[in-house]
Engineer: 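One structure, pasted below without further comment.
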Amino acid sequence: MSQVLHPIEQKLLKSLLEKQNLTPEDLCEKTQLSIDQVRRGIEWLKFKELVQVNESEKNFVALGKMGNEAFEKGLPERQLVNYLKSIDGFSCEMSQAKGQLKNEFSPAIANAKKNGWIEIYENRILLKGYHDTTPEERILKLIASKNPAVSSIDEIGDKNTLDLLKKRPEFLTFTFTKYTTVNLTEKGIETAKNVSSVADVLVRAIDVESLAPTVFAARSHPLQDVINEVREIFIGLGFTEIVGNQTQSSFWNFDALFTPQDHPAREMQDTFYLKGLHAKNIGTKNQISNVSQVHKKGWRYNWKLEESKRLVLRTHTTCVTIKELADNRPEEARIFSIGRVFRNEKVSYKHLVEFNQVEGVVVGKNVSLRDLMGLQREFYLKMGMKKIKFWPTFFPYTEPSLQSMVYNEKLGKWVELFGMGIFRPEVTIPLGIKNPVLAWGGGIERIAMLKFGLDDVRELYNNNLGWLRNVSKCQ
Amino acid sequence: MPVVTLYFDRITSILGKKISKEKIVSTLPFIGLDIEEETKNYVNVEYSPNRPDYSTDYGIVSSLQGLLGIKTGMPKLKIKKGKDAIIVNPSVRKIRPFVTAIAAKNGKLDDETIQQIIVMQEDLHNGIGRRRKKTSIGIHDLDKISFPLTYTTTSKNHKFIPLESSQEMTINEILKKDETGIKYGHLVKNSEKAPVILDSNGHTISFPPIINSERTKISKNTKNILVEITAIEKNAAEDTLAVIANILQDAGFELFSIKISGANNSTPLLKPRIMILDTELVNKILGIKISISKMVSALRKSRLDAQGKGKKIVCTIPRYRTDIFGPMDLIEEVALGYGIENFEPTIPESISVGQKNKVTTTLDSINSVMIGLGYSEVMNLGLVSHRVLYDYTKRDASKIISVSDSKSQEHNILRDAILPGLIDTLSRNIHEPYPQMLFETGTVFLKNNDEIKEEIHLACVSAHNDVSFTEIKSVLQSFLKTTFGLECKTITSSNSMFIEGRSADIFVNNKIGEIGEFLPEITGNFKLRVPIAGFEIRLTGLY
């Protein structure tokens, strides 16, 4: 069997094999399927050229007003006969009969005469004999039996008699309707025969070649996948993760990182300040006084405690790192953090007000700039990026500072990724951190964009289900 | 970051040696510049404001000459003794106490040099000048000035013709009507009087830090220039002066000192600084082993003077290098002069074992359970709009946390709940097939007595035609049980977002969240037609 038939199709074929020329309604009745299922099945079968669908008109007849009356009381001629039968001598005056039959008197006389039931003699009507049922009465009964439904003219058959009844005013009404019948084609007959013989064996077979409905796997967000991948790499390189608050005092976000209080980066155009909120405790007395000293000496301005208490949405995760280092003053450490950071920027294809940053630091007695470069190379290699180079750059809290450029095969060009450097002594010494601190970090969204081939960073946060459901997990 | 345009023609002539375009462009990143745009005739570069000497092509060429080995060592400032003077009146003390100046003579200005100077002035105002608050610069045609000058204060009714104007204006008028006056007026608004520089004929040459006079404007015909800088901090003023003096010297002018006196002001010396560098530290920090003579040569390529003395190097740093604070800055100069491309990356030895944070481990588990329950993760921002967080959801906004001056109305409130953002996510996906079952974990921000608290929340929503309270409660129960082994109670409550009678508070000992079917009115606000049920719980405290 080359073709697999749906159970609906099988049922329809079987019914049609028993009787051709069925309407969809007939098929409903026979198969116990719903009209929708039947119609759908007919479409499928028609497409497979197993059935032929014929559209034609059908005439229907029903009783009119007078027809109904005649069915209840009998035809006028029958009434006349019955009347005559009830009188002694089986005859009466014309006027008598007229009084009895009223309006139906004339048709009664005409038809009874035509049937040969009566004779009229000197104004008297004589009953000669009668039939028990006339063809007209039979048809009247037939039509009435389906009342109020209509009967197809074809079912009635006796066209002459029907024409006779048609001549009587208001006896019959006629309607014309379009209807559909379904026939098996030759191929259909053959297939239907097969169905009956093999259906039991093949009842569970389905059309394996047709498309199944789509289901969507529940899944993590692609950006989360990239964050997890980055995290795994750091852990693999021996780094321990730290987390911290997204709201921070200016002290840890800026002052502790040797960014002067009048630095342009601290202005409201770039940084989100929380309206009317200040940190109560920002650090130890020592931390505060040492940091303020280094600002006064290095930048020569009037450092203000109030300014360092203003709460900001962290502009980098470095505030979390530096506080961790300041509070624990490790001599050796490998730590990293990943989290949201905020910049007051106009939202565009390049910028969001908020993005994820990863940052790693290494504290050690003998760590060097070359080690910092080596860790970058290792990280990128694990991310599948092989060609990298370094350029000098500037960050307020590292010296020397570098930026890394990574060659992107898809784009065919060098892309700027993480920035890095060694924490300035102006940052580490006031906070009691003795050994050099290598630090590097950057935005994760940029890596995600390269990975997923996006050119608009907003797409990562649109949560467009069309994309989330369809982007492949392994890239 | 500020941008400088480098025309290849000009660069080549200032460089003093024919260098190919390609070589110039490929060298620029190695002196710390980012290439913004490159065309046939010019390249636009971005520089960090810590290098104010990069504010013109002259300063950039000076560095290029060093790295390319055309000219090395410190560019020396040759200042001849001049006879002109500025006298400072003590009345400026409380407003803007310092002035410094220099004369640049016998030079020529072409259109491009004037353009470079204008851009430089603006960059220096914004960077080292902290938007003119700390220092501001006036550049004048020296020949229109009769010395000595007086730096003093006047009433705000004092009149002169400001730059780019044809008529006299009072200082008050300038502050009210002139574009620059409006922009920077706040810097002098607290004093009754205004600082001015007057010449010996009583002409006003400048109203710092706002505007210069039209009278002394420089043009292509200017041969002699006066640079004056006023400031609230003396060192910053002289730093700025040093940057400009170097540029003008490079542009072919001869420098003459201007005598400054009165009210604690003095004539600027613009002398280089000496720093001693420990060569062992250089090798240790950079992870290399190079000889002292190589370090000296690298420092000279970075346009510093250097001389080896035992294991130390005596470095001479020109005044305009305001970015050099200490040894680490000099080490970077060695690295740049040595060539970053010559460093071979290494990996530091370590036996440390990496570890995830406990919060991350927990969130990973939470994600896997929610995904197992058939929910997909979405990520929204923590900064949201008032409309989504409060207006559309009719939530209580009394503890709103907003940020100052956000550039976007869509992102000016810190979220105190995740659910509104999830509904917003559904509203952006009305054309995608249902059911849509989403969850998000993330930080929310709560205000309590002027203190801010951060919590991690989980929220989830289910949207489809047959959604019900029971369905979402099943998810909640299963989530708590599978993740934490916890049972919860849901107690009838009312909630602005949920249908009355299909809304409950979630308790695990204490209240940890809310659950319910969303009101059609609320979903309607988000243009959603499908019924939605959801819950949000506080995770902080559960693990």
Side-chain angles (χ1 to χ4, degrees), chain A residues 218-221 223-224 231 234-243 245-247 262 268 272-275 277 298 300 311 313 334 340 344-347 353-354 362 364 367-371 373-375 377-378 390-394 399-400 402 422 424-426 436 461-463 465-466 468, chain B residues 29-30 32 48 50 126 130 233 235 284-287 325-326 328-329 331-332 335-336 340 343-348 350 352-357 359-360 367 371 374-383 401-408 411 425 428-429 432 436-437 443 445 450-452 454:
Chain A
R219 58 190 291 180
S220 51
H221 193 285
L223 179 59
Q224 190 70 54
R231 183 182 284 120
F234 271 91
I235 290 164
L237 290 168
F239 286 75
T240 294
E241 186 184 21
I242 55 169
V243 296
N245 277 359
Q246 295 177 18
T247 50
D262 63 355
M268 288 203 276
F272 285 118
Y273 285 87
L274 299 180
K275 243 183 216 169
L277 289 172
R300 292 186 293 244
L311 276 176
L313 289 176
R334 286 187 172 206
R340 294 277 175 97
N344 193 358
E345 304 218 44
K346 231 185 166 110
V347 175
V353 290
E354 197 176 326
V362 175
V367 293
S368 72
L369 188 69
R370 282 174 67 199
D371 293 336
M373 295 163 85
L375 285 164
R377 191 177 59 180
E378 204 58 25
F390 299 94
W391 282 346
T393 191
F394 169 76
E399 189 79 15
L402 298 175
I422 301 174
R424 296 191 68 94
E426 289 84 351
Y461 290 95
N462 273 348
N463 294 309
L465 290 183
L468 291 181
Chain B
F30 290 97
S48 302
N50 72 314
N126 290 335
R130 303 287 191 248
E233 205 272 313
N235 272 299
K284 180 177 173 290
I285 291 294
L286 297 180
F325 284 78
M328 289 301 275
D329 303 286
I331 290 171
E332 182 174 83
L336 262 59
I340 294 293
F343 284 81
E344 181 55 36
T346 49
I347 298 267
S350 164
S352 70
V353 176
Q355 202 180 345
K356 265 188 207 178
N357 193 276
V359 175
T360 305
N367 274 29
I371 290 163
Y375 283 72
S376 275
E377 185 185 25
V378 298
M379 291 172 96
N380 282 299
L381 298 180
L383 271 175
I401 308 170
S402 42
V403 294
S404 304
D405 294 321
S406 175
K407 285 175 186 150
S408 160
H411 307 287
T425 302
R428 277 181 269 123
N429 283 293
E432 297 297 329
Q436 295 179 6
M437 294 149 83
T443 303
F445 304 82
D450 287 343
E451 281 193 63
I452 199 158
E454 295 182 22

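Below, read A as the first sequence line, B as the second, and so on, with proteins coming before strands; counting in each chain starts at 1.
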Engineer: Output the option from B:Glu451, B:Arg428, B:Glu432 having the highest count of non-hydrogen pairs under 4.5 Å with chain A.
Structural biologist: B:Glu432
Engineer: Considering only heavy atoms and a distance below 4.5 Å, find which of B:Asp450, B:Asp405, B:Ile285, B:Leu381 pairs most often with chain A.
Structural biologist: B:Leu381
Engineer: If you compare all heavy atoms of B:Gly374 against all heavy atoms of A:Ala218, which two are closest, and at what distance to 0.1 Å?
Structural biologist: C-CB, 3.3 Å
Engineer: Hey, what do you get for CG (B:Asn367) to NE2 (A:His221), rounding to the nearest 0.5 Å?
Structural biologist: 11.5 Å
Engineer: Between B:Ser352 (side chain) and A:Gly238 (backbone), is there a donor-acceptor pair under 3.5 Å?
Structural biologist: yes
Engineer: Less than 4.5 Å to any heavy atom of chain A: does that hold for the side chain of B:Ile340, its backbone, both, or neither?
Structural biologist: both
Engineer: Highest number of heavy-atom pairs under 4.5 Å with chain A: which of B:Ser408, B:Gly32, B:Ser404?
Structural biologist: B:Ser404
Engineer: Do A:Gln246 and B:Glu454 make a side-chain contact, defined as non-hydrogen atoms from C-beta onward lying under 4.5 Å apart?
Structural biologist: yes
Engineer: If you define the side chain from C-beta out and look only at heavy atoms, does anything of B:Leu336 sit under 4.5 Å from A:Pro400?
Structural biologist: no
Engineer: With a 4.5 angstrom heavy-atom cut-off, which part of B:Ile401 approaches chain A: side chain, backbone, both or neither?
Structural biologist: side chain
Engineer: Working to the nearest 0.5 Å, report the span between CZ of B:Phe445 and CG of A:Leu313.
Structural biologist: 6.5 Å
Engineer: Short question: side chain of A:Glu354, backbone of B:Gly382 - any donor-acceptor pair under 3.5 Å?
Structural biologist: yes
Engineer: Roughly how far, to the nearest 0.5 Å, is the CG atom of A:Leu274 from the OG atom of B:Ser402?
Structural biologist: 8.5 Å
Engineer: Please flag which part of A:Leu375 lies under 4.5 Å from any non-hydrogen atom of chain B: side chain, backbone, both or neither.
Structural biologist: both
Engineer: Any side-chain heavy atom of A:Arg340 sitting closer than 4.5 Å to one from B:Thr443?
Structural biologist: no
Engineer: Does any heavy atom of chain B fall under 4.5 Å from the side chain of A:Glu345, the backbone, both, or neither of them?
Structural biologist: backbone
Engineer: Considering all heavy atoms of both residues, which atom of B:Phe30 and which atom of A:Pro392 are nearest to each other, and what is their separation?
Structural biologist: O-CG, 3.4 Å
Engineer: For B:Tyr375, is it the side chain, the backbone, both or neither that has a heavy atom under 4.5 Å from a heavy atom of chain A?
Structural biologist: backbone
Engineer: With chain B, which of A:Glu426, A:Arg231, A:Lys346 has the greatest number of heavy-atom pairs at distances under 4.5 Å?
Structural biologist: A:Arg231
Engineer: Please enumerate all residues that pass ring-ring contact (aromatic ring centres under 6.0 Å, His included) together with A:Phe239, with sequence neighbours excluded.
Structural biologist: A:Phe234, A:Trp440
Engineer: Are any side-chain N or O atoms of B:Asp329 and backbone N or O atoms of A:Glu399, one a donor and one an acceptor, separated by less than 3.5 Å?
Structural biologist: no
Engineer: What's the separation between atom CD1 in B:Ile331 and atom CD1 in A:Ile422, rounded to the nearest 0.5 Å?
Structural biologist: 7.5 Å
Engineer: Heavy-atom cut-off 4.5 Å, strictly under: side chain, backbone, both or neither for A:Arg424 against chain B?
Structural biologist: side chain
Engineer: Measure B:Val359 against the heavy atoms of chain A and call it side chain, backbone, both or neither at under 4.5 Å.
Structural biologist: side chain
Engineer: How far apart are the closest heavy atoms of A:Pro436 and B:Lys284, and which atoms are they?
Structural biologist: CG-NZ, 3.9 Å
Engineer: Does B:Asn429 use its side chain to pair, donor to acceptor, with the backbone of A:Asn463 at less than 3.5 Å?
Structural biologist: yes
Engineer: Please name all residues satisfying ring-ring contact (aromatic ring centres under 6.0 Å, His included) with A:Phe394, sequence neighbours left out, ordered by chain then number.
Structural biologist: none
Engineer: Any idea which of A:Glu378, A:Gln224, A:Arg370, A:Arg219 has the most non-hydrogen atom pairs under 4.5 angstrom with chain B?
Structural biologist: A:Arg370
Engineer: What distance do A:Ile242 atom CD1 and B:Thr360 atom OG1 have between them, rounded to the nearest 0.5 Å?
Structural biologist: 11.0 Å
Engineer: Nearest 0.5 Å, please: how far is CG in A:Leu402 from CD in B:Glu332?
Structural biologist: 7.5 Å
Engineer: Is B:Glu233 in contact with chain A via its backbone, its side chain, both, or neither, using a 4.5 Å heavy-atom distance?
Structural biologist: side chain
Engineer: Is a donor on one side and an acceptor on the other found under 3.5 Å between the side chain of A:Glu241 and the backbone of B:Asn357?
Structural biologist: yes
Engineer: Please determine, among A:Val362, A:Val347, A:Asp262, A:Thr393, the option with the most heavy-atom pairs under 4.5 Å with chain B.
Structural biologist: A:Asp262
Engineer: With a 4.5 Å cut-off on heavy-atom pairs, point out which of A:Leu311, A:Thr240, A:Asn344 contacts chain B the most.
Structural biologist: A:Asn344
Engineer: For B:Leu383, is it the side chain, the backbone, both or neither that has a heavy atom under 4.5 Å from a heavy atom of chain A?
Structural biologist: both
Engineer: Do A:Asp371 and B:Ile347 touch side chain to side chain, with heavy atoms closer than 4.5 Å?
Structural biologist: no
Engineer: Would you mind checking which part of B:Asn380 comes under 4.5 Å of any heavy atom in chain A, side chain (CB onward), backbone (N, CA, C, O), both or neither?
Structural biologist: both
Engineer: Among B:His411, B:Lys407, B:Gln436, which residue has the highest count of heavy-atom pairs closer than 4.5 Å to chain A?
Structural biologist: B:Lys407
Engineer: Counting heavy-atom pairs under 4.5 Å to chain B, which of A:Lys275, A:Arg300, A:Arg377 comes out on top?
Structural biologist: A:Arg300
Engineer: Please report the closest heavy-atom contact between B:Pro348 and A:Arg334, naming both atoms and the distance.
Structural biologist: O-NH2, 3.2 Å
Engineer: What option among A:Leu223, A:Val367, A:Leu468, A:Leu237 has the most heavy-atom pairs under 4.5 Å with chain B?
Structural biologist: A:Leu223
